[in-house]
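The structure appears below as structure tokens.
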Amino acid sequence: MSGSWPKIIRDPIHDLIAFEDVPCDRLLLDLLNAREVQRLRRIKQLGLTELVFPAANHSRFAHSLGVLHIARRFLDRFQQLTGHGLDEERRTLVLAAALLHDVGHGPFSHAFEKVTGQNHERYTLAIILDEQTEVHQKLRAHSSTLPQQLAQFFDEETPPSGGGHRVPPYLAQIISSQLDADRCDYLLRDSHATGTNYGNYDLSWLLAQLRLQPDGARFYLSRKALSVAEAYLFARAHMYRTVYFHKTTRAAEVMLRLLFQRFKELLAEATPSARLGVVPGAPGRAHAAFLGPMALPDYLRLDDHTITEFLKGCTEASDPVLRDLSLGLLNRHLFKATDATSVIQAGEVGKLNAFDARVRDHLKQAGLDPRFAFADDTPGDTPYKPYNPDDRNPATQIYIEGTGGRPVEISTESETVAQLRKRYVLVRYYSPPEQREAINRIAGAILYKGQS
């Protein structure tokens with residue numbers, strides 16, 4: 001970018017994202033250039049999804065920039081409604097939270113976190129609060145209380161510092177709710193990158209129809225936004241079913257999870273001196289990730305490139321499980337799915353147990369370890385979550401102007417949204433492609449017997 005203002009970043013979703021010569025925007029640019037944020041360029045937003053949708057290799061950095069831009073549009077809309085903007089301190093706080101919301105993510109986040117226990121939310125907090133990070137230093141240079149104030153967005157137990165107060169609920173909802181800047185960006189961005197239309201909705205109209213309760217308890221939508229709000233919620237539902245839960249994407253994720261589990265098992269069995277030999281040439285920090293909680297500097301050295309190099313090393317491992325799984329992932333020789341969703345919907349759990357046992361016996365006879373050659377996968381989602389006060393983090397509902405002019409929860413005004421309150425679960429089993437024919441025969445004899 002040139003030395004003149006405004007600084008402009010081109011984005012395929014939001015076109016021009018501008019930064020002006022004002023203290024808030026100068027801080028945001030400084031944060032963008034912090035090494036912890038730049039690391040997000042090396043972490044893909046959709047992990048292994050590019051094995052199915054080849055252009056879906058956009059980064060968490062690009063997504064974070066988009067979330068920042070949408071959060072700014074939320075704030076600009078609230079300024080239009082109230083006739084005055086937020087004070088500089090709160091505006092900075094909200095926009096910094098939007099930019100940094102994903103800064104703690106690790107590589108291939110879900111499979112990696114599930115096996116290693118390295119929690120990205122904990123690392124997000126650490127990056128903000130640790131005095132050694134560039135993010136913390138840039139925040140503190142702007143305001144000594146800003147890191148602690150910012151932490152409240154990511155940890156309800158962290159009190160604001162300096163006698164500050166928690167931000168009003170409507171501002172917190174910009175960062176985390178069922179209608180937040182994060183979802184608004186990833187639906188559009190992921191839809192664009194995958195070449196699908198499922199995630200498209202009219203963001204500009206949605207923002208134009210925002211309204212604000214006088215007490216700041218929440219923002220809501222005007223009645224004119226009912227159709228676009230429905231489209232937004234259905235966009236999320238369709239993206240989960242067709243992209244995020246795609247059977248082949250999930251096959252790759254299952255394989256990566258199995259590989260991580262096997263590696264962790266081998267490390268636990270090996271002596272400390274032998275651990276580096278489990279995967280020849282693997283980065284040492286890849287080992288550390290599977291041996292317990294990581295220090296923040298070591299965690300920040302992990303990215304997708306680290307795990308890719310680790311997978312390359314696994315192709316030369318003496319362990320056949322590591323070797324076969326890594327070769328399959330690197331060369332897209334992926335496990336095949338057996339769909340048993342209809343069986344569980346029919347309540348025939350006994351069939352699943354019988355199928356599982358028969359397949360494991362078959363794989364043993366074929367010389368394979370069924371722990372790493374056969375896995376169930378049960379992704380599920382509630383497209384629009386109902387409020388449950390007993391949840392650890394109860395869902396924040398979407399409100400819309402009702403027929404009487406007062407804001408009401410949207411599913412009371414829309415039968416289609418009410419249908420999205422139902423949770424669904426998919427049930428699939430995954431196994432090596434070489435075993436597909438044999439496992440299909442077992443499925444036909446047990447799972448699908450009697451089905452038309």
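The structure presented is a predicted model; accordingly, all values stated were derived computationally and were not measured.
Annotation: side chain of Gln118 is not in contact with side chain of Leu302 (no heavy-atom distance under 4.5 Å). With a 4.5 Å cut-off on side-chain heavy atoms, Leu100 and Ile127 do not count as touching. No side-chain heavy atom of Tyr429 sits less than 4.5 Å from a side-chain heavy atom of Val359. At least one side-chain heavy atom of Phe335 sits under 4.5 Å from a side-chain heavy atom of Leu325. Residues Val135 and Leu139 have side chains in contact (heavy-atom distance under 4.5 Å, counting atoms from C-beta outward). For the pair Val343 and Val427, the minimum side-chain heavy-atom distance is 4.5 Å or more. Looking only at side-chain heavy atoms (C-beta outward), Glu265 and Phe372 come within less than 4.5 Å of each other. Annotation: side chain of Leu426 is not in contact with side chain of Thr378 (no heavy-atom distance under 4.5 Å).
Side-chain contact annotation: Gln38 with Arg35, donor-acceptor N/O pair under 3.5 Å absent. In this model, no donor atom of one side chain and acceptor atom of the other lie less than 3.5 Å apart for Tyr244 and Asp381.
With hydrogens and angles disregarded, no donor-acceptor distance shorter than 3.5 Å links the side chain of Ser414 to the backbone of Ser411. In this structure, Ser177 contributes its side chain and Thr396 its backbone to no donor-acceptor pair below 3.5 Å. Panel note: side chain Asp130, backbone Ala126; no donor-acceptor pair is recorded below 3.5 Å. The backbone N or O of Gly104 lies less than 3.5 Å from a partner atom in the side chain of Tyr299, making a donor-acceptor pair. Using a distance-only test at 3.5 Å, with no hydrogens or angles considered, a donor-acceptor pair links the side chain of Asn119 to the main chain of Arg122. Side chain of Ser191 to main chain of Leu188: no donor-acceptor pair is present (N/O by atom type, distance under 3.5 Å, no hydrogens or angles). Of the possible polar contacts, none joining the Arg41 side chain to the Phe61 backbone as a donor-acceptor pair under 3.5 Å is found. With Ser431 contributing its side chain and Phe374 its backbone, the two residues share no donor-acceptor pair below 3.5 Å. Side-chain N or O atoms of Arg285 include one that pairs as donor or acceptor with a backbone N or O of Arg301 at under 3.5 Å. Side-chain N or O atoms of Ser59 include none that pairs as donor or acceptor with a backbone N or O of Lys44 at under 3.5 Å.
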Stepwise, does the side chain to side chain donor-acceptor pair (under 3.5 Å) test hold for Gln419 with Tyr384?
-> CA-CA 9 Å; Gln419 294 300 310; Tyr384 177 65; over 6 Å; no

Between His63 and His101, does a side chain to side chain donor-acceptor pair (under 3.5 Å) hold up when you go through it step by step?
-> CA-CA 10 Å; His63 166 61; His101 79 286; 3.3 Å; yes

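A pairwise comparison of heavy atoms in Gln178 and Pro383 identifies OE1-O, 4.4 Å as the closest pair.
Going from atom CD1 of Ile307 over to atom CZ of Phe310 covers 6.5 Å, rounded to the nearest 0.5 Å. Ser64 OG to Gln45 CD: the interatomic distance, rounded to the nearest 0.5 Å, is 7.5 Å. Annotation: the span from Leu334 atom CG to Arg250 atom CZ amounts to 14.0 Å, rounded to 0.5 Å.
Applying the 6.0 Å contact sphere to CD of Glu269 captures more than 12 heavy atoms from other residues, nucleotides or ligands. Within a 6.0 Å radius of CZ in Arg436, other residues, nucleotides and ligands contribute 12 heavy atoms or fewer.
The existence of a salt bridge linking Glu253 and Lys114 is excluded, since no basic side-chain nitrogen approaches an acidic carboxylate oxygen closer than 4.0 Å. Electrostatic pairing of Asp25 and Lys7 does not count as a salt bridge here, judged by no charged N lying under 4.0 Å from a carboxylate O. With salt bridges taken as basic N to acidic carboxylate O contacts below 4.0 Å, none links Arg39 and Glu36. Ionic pairing of Arg10 and Asp15 is present here: one or more N-O contacts between side-chain nitrogen and carboxylate oxygen are shorter than 4.0 angstrom. Here Arg189 pairs with Asp11 in a salt bridge; the nearest charged N to carboxylate O distance falls below 4.0 Å.
Taking the six-membered ring where the residue is Trp, His238 and Tyr198 present tilted rings, their angle falling between 30° and 60°. Taking the six-membered ring where the residue is Trp, Phe74 and Phe219 present tilted rings, their angle falling between 30° and 60°.
Every residue two or more places apart in sequence or in another chain that forms a ring-ring contact (aromatic ring centres under 6.0 Å, His included) with His14 is listed here: His69.
Among residue pairs with one or both ends in residues 313-328, those qualifying as side chain to side chain donor-acceptor pair (under 3.5 Å) are Arg262-Asp319; sequence neighbours excluded.
Ring centroids of Tyr201 and Tyr232 are separated by less than 6.0 Å, placing the two rings close together.
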